[in-house]
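For clarity, every value in this text was computed on a predicted model and none was experimentally measured.
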Amino acid sequence: MSLKALYLRAQTIIALLLTVSFLNVPMAYSKSGKAYYFLISQPQKSLVKIRKIRKQLKSKGISSKIIKLRSQYYLRFAYSKNLKKMKNAKRAFKKKNLKGLRILKLNKKILSKKLKRSDSSHWFLKSLRSYRWTGSYQLEVRKITSDPSHISTLKQRALLSANSSFTPDIRWKASARLFYDHVFDINAVYSSRVKNSQSYEIEAAETYLDIGFENIDFRIGRQNIVWGELIGAFVADIISARDFRSFILPDLEVLRIPQWSVLAESSVDNFSYQLVWIPLPSFDNYGTIGSDFHFFNAFNVPDITVNDPERPSIKLENSSFGGRFSYLLAGWDVSALIFQGLNREQSPERTLLPGPSVVITPKHFKITQYGVTFSKAYPSTVIKGEVVYTKDSRVITTDIADPDGLIKQDKLSLGLSYEPHLIDNGQFMLQYVGTLLPGAPNELYDEKLESRVTLLVNKSFKNNKHKPQLIIIYGINDGDSLMRLSYNYLISQNWSSTFGADFFNGPPDSFLGQFDAKDQLHFELKYTF
């Protein structure tokens, strides 16, 4: 049997299981023992597209049902006990330009078994009973190599997720993630405040309800909404919050903090849009004073106190709104972005006291952002870009006469990525990210134009079992840098391991150089299911 035949046979079995699981097939049949034949469409990844096909069928007087398995959608047109009748129906549909249809056969054993389980079952209970579990477990060990060297992370992470469908148009997902860091049990390097902030955490991950209508889909709940095009940069990622307690070293799935939000999306031909409302915002999470990665080294005073972040109250006027509007034009995927609401980034409000000492109270202010993203894949390269203008952001001032140490300042962020196809089964990428503060006064801690370049190189060997990677981030203004070396080994289909090292360098008052004494080795062991 050829590979193509095996593939078609596997697809047929999947569609058969799909039909039995989602259509309540036995509810319509007797226990006569005869076979039933179903006409199933080719799968589609786009729910909007499958709905358009269904709408076309309806205009021709053909009724159909949408069924879904994982990320693929099918249409079931008809069923019958008569195989010849189904073949005639298939030929008739083909004349109406409905190609790519297959006939499936259900036997008595499957029908009767399903009948016993579903005769008295409610659709809601059946959905809960038919959920699918996925998740991961990860052990992360990090050791800081500077004097005194010590284990800085001995963390266990777990992610558990379940998803299912109430109907083909109503689906749900529930997930939670947690971690526990044993490093606070084995050494006394860190203060009790750091331990309380970073020793363990349990929180809801992506947990939402998907509701599909004819031309628009809604996702309601805690979700990651990613609008950026660049890898590892957050220029146009203006929705999801981030966890910076371990700086930018963890994977993106760990860095991103989902938002409790309502997302509406749809597409028409080459145009698509997303609208989002965030009634319960999440904010960036930062390391506290005494942790390995805290961001308050800019205040060069002997005594500094950092209060807990001051979060805005939950009310309608503190809601955030945003939209993304995309269009495919001559091979370019172009998007326009808009966001208005609370800044997920915190602004450190400063109070000077005698001593000298300083008290920092992180706050979140309202901002408005406008942006554009663009990308295009050529035969020999991929080009991506992002531009975002932020109105009414706050930046730190060095003027000690300023009452809160913050100035309201607009800023322009730019990101460009160039990715030529130089490495077979690998990746070579050059990336530029810059921030401009137009018309800013001289009394600022930040540069008026701050620029960084990133180099990423990786390659996979031996059926993707081995993957070395190099990442270098270099600050043009201050000459600070971060070099990351890693080697990923795929132990089996479910198990993988990563060895690596991170090296910081630069002046102590620079963005990356402030962590010059935090060079570290790391090891990760991960299991996914």
Side-chain angles (χ1 to χ4, degrees), residues 132-146 149-162 175-187 189-190 198-203 205-206 224 231-232 242-257 287 291-293 419 423-429 454-473 481-504 515 518-529:
R132 176 174 174 264
W133 287 105
T134 58
S136 64
Y137 165 80
Q138 180 176 325
L139 174 65
E140 178 184 350
V141 182
R142 292 182 178 273
K143 180 180 181 180
I144 291 180
T145 57
S146 59
S149 65
H150 62 277
I151 301 295
S152 60
T153 302
L154 186 56
K155 188 176 293 185
Q156 296 186 79
R157 299 184 187 271
L159 171 67
L160 188 61
S161 175
S175 57
R177 60 184 181 183
L178 59 92
F179 72 78
Y180 185 84
D181 197 339
H182 298 272
V183 73
F184 299 102
D185 300 326
I186 63 173
N187 65 40
V189 175
Y190 304 101
Q198 300 184 194
S199 60
Y200 72 92
E201 187 172 73
I202 302 174
E203 66 173 357
E206 289 199 293
N224 283 317
I231 299 175
R242 297 150 299 181
D243 187 348
F244 288 129
R245 287 176 294 181
S246 297
F247 196 44
I248 58 173
L249 304 182
D251 296 334
L252 285 176
E253 63 181 19
V254 176
L255 277 175
R256 287 197 173 101
I257 301 174
S291 64
D292 292 324
F293 299 102
E419 190 175 337
I423 305 174
D424 292 334
N425 204 21
Q427 186 179 18
F428 178 92
M429 184 194 72
T454 301
L455 168 68
L456 182 150
V457 182
N458 62 45
K459 182 174 175 59
S460 297
F461 300 91
K462 295 185 178 180
N463 297 323
N464 299 322
K465 279 187 172 291
H466 305 268
K467 184 179 179 181
Q469 179 168 274
L470 166 68
I471 300 176
I472 299 176
I473 304 174
S481 64
L482 166 61
M483 182 172 69
R484 308 195 65 192
L485 299 169
S486 64
Y487 182 87
N488 180 264
Y489 174 63
L490 188 63
I491 302 171
S492 66
Q493 184 177 358
N494 301 101
W495 288 93
S496 65
S497 61
T498 302
F499 306 84
D502 305 313
F503 302 99
F504 294 89
F515 305 123
K518 304 301 179 182
D519 295 348
Q520 52 189 271
L521 305 174
H522 65 87
F523 166 75
E524 296 174 7
L525 181 66
K526 189 172 184 179
Y527 173 75
T528 58
F529 60 92

Residues Glu203 and Arg157 bridged, charged N to O under 4.0 Å: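 No salt bridge links Glu203 with Arg157.
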NZ/NE/NH1/NH2 to OD/OE distance under 4.0 Å, Glu201 and Lys155: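 The answer is no: the pair does not qualify as a salt bridge.
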Taking [Y]'s backbone N and O only, do any of them form a donor-acceptor pair with [X]'s side chain (distance below 3.5 Å, no angle check)?
X      : Y      : value
Asp251 : Glu253 : no
Ser460 : Lys467 : no
Ser492 : Trp495 : yes
Glu419 : Phe428 : no
Ser175 : Glu206 : yes
Asn488 : Thr498 : no
Asn187 : Ile151 : yes
Asn458 : Gln427 : yes

Please give me the minimum heavy-atom distance between [X] and [Y], naming the atom from each residue.
X      : Y      : answer
Leu160 : Phe529 : CD1-CZ, 3.8 Å
Leu485 : His522 : O-NE2, 4.2 Å
Leu521 : Ala501 : CD2-CB, 3.7 Å
Ser497 : Phe523 : CB-CE1, 4.1 Å
Lys465 : Ile491 : NZ-O, 4.0 Å
Lys518 : Ile144 : CD-CD1, 3.9 Å

With a 6.0 Å cut-off (strictly less than), is the heavy-atom count around [atom1] of [X], excluding the residue itself, greater than 12?
X      : atom1 : result
Tyr200 : OH    : no
Asn463 : CG    : no
Lys143 : NZ    : no

Can you tell me how far the [atom1] atom of [X] sits from the [atom2] atom of [Y], to the nearest 0.5 Å?
X      : Y      : atom1 : atom2 : value
Leu154 : Ile186 : CG    : CD1   : 5.0 Å
Tyr489 : Asn464 : OH    : CG    : 13.0 Å
Ser152 : Glu140 : OG    : CD    : 8.5 Å
Ser136 : Leu159 : OG    : CG    : 4.5 Å
Asp243 : Leu255 : CG    : CG    : 7.0 Å

So do the side chains of [X] and [Y] get within less than 4.5 Å of each other, counting heavy atoms only?
X      : Y      : result
Val457 : Ile423 : yes
Glu524 : Lys526 : no
Ser291 : Arg245 : no

Residues [X] and [Y]: side-chain donor-acceptor under 3.5 angstrom:
X      : Y      : value
Arg142 : Gln520 : yes
His466 : Tyr487 : yes
Tyr190 : His150 : yes

Verdict with supporting geometry, Leu482 and Ile248, side chain to side chain contact (heavy atoms under 4.5 Å, CB included): CA-CA 10 Å; Leu482 166 61; Ile248 58 173; 4.2 Å; yes
Candidate pair Leu249 and Asp502, rule side chain to side chain contact (heavy atoms under 4.5 Å, CB included), full reasoning: CA-CA 8 Å; Leu249 304 182; Asp502 305 313; 3.8 Å; yes
Pair Phe515 and Phe247, ring centroids less than 6.0 Å apart: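 Phe515 vs Phe247: aromatic centres under 6.0 Å.
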Pair Tyr180 and His182, ring centroids less than 6.0 Å apart: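 Yes, close enough.
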Derivation of the side chain to side chain contact (heavy atoms under 4.5 Å, CB included) call for Thr454 and Ile472: CA-CA 6 Å; Thr454 301; Ile472 299 176; over 6 Å; no
Full working for side chain to side chain contact (heavy atoms under 4.5 Å, CB included) between Thr153 and Val141: CA-CA 5 Å; Thr153 302; Val141 182; over 6 Å; no
Six-ring centre of Phe461, Lys459 cation under 6.0 angstrom, axis tolerance 45°: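 The answer is yes; both the distance and angle limits are met.
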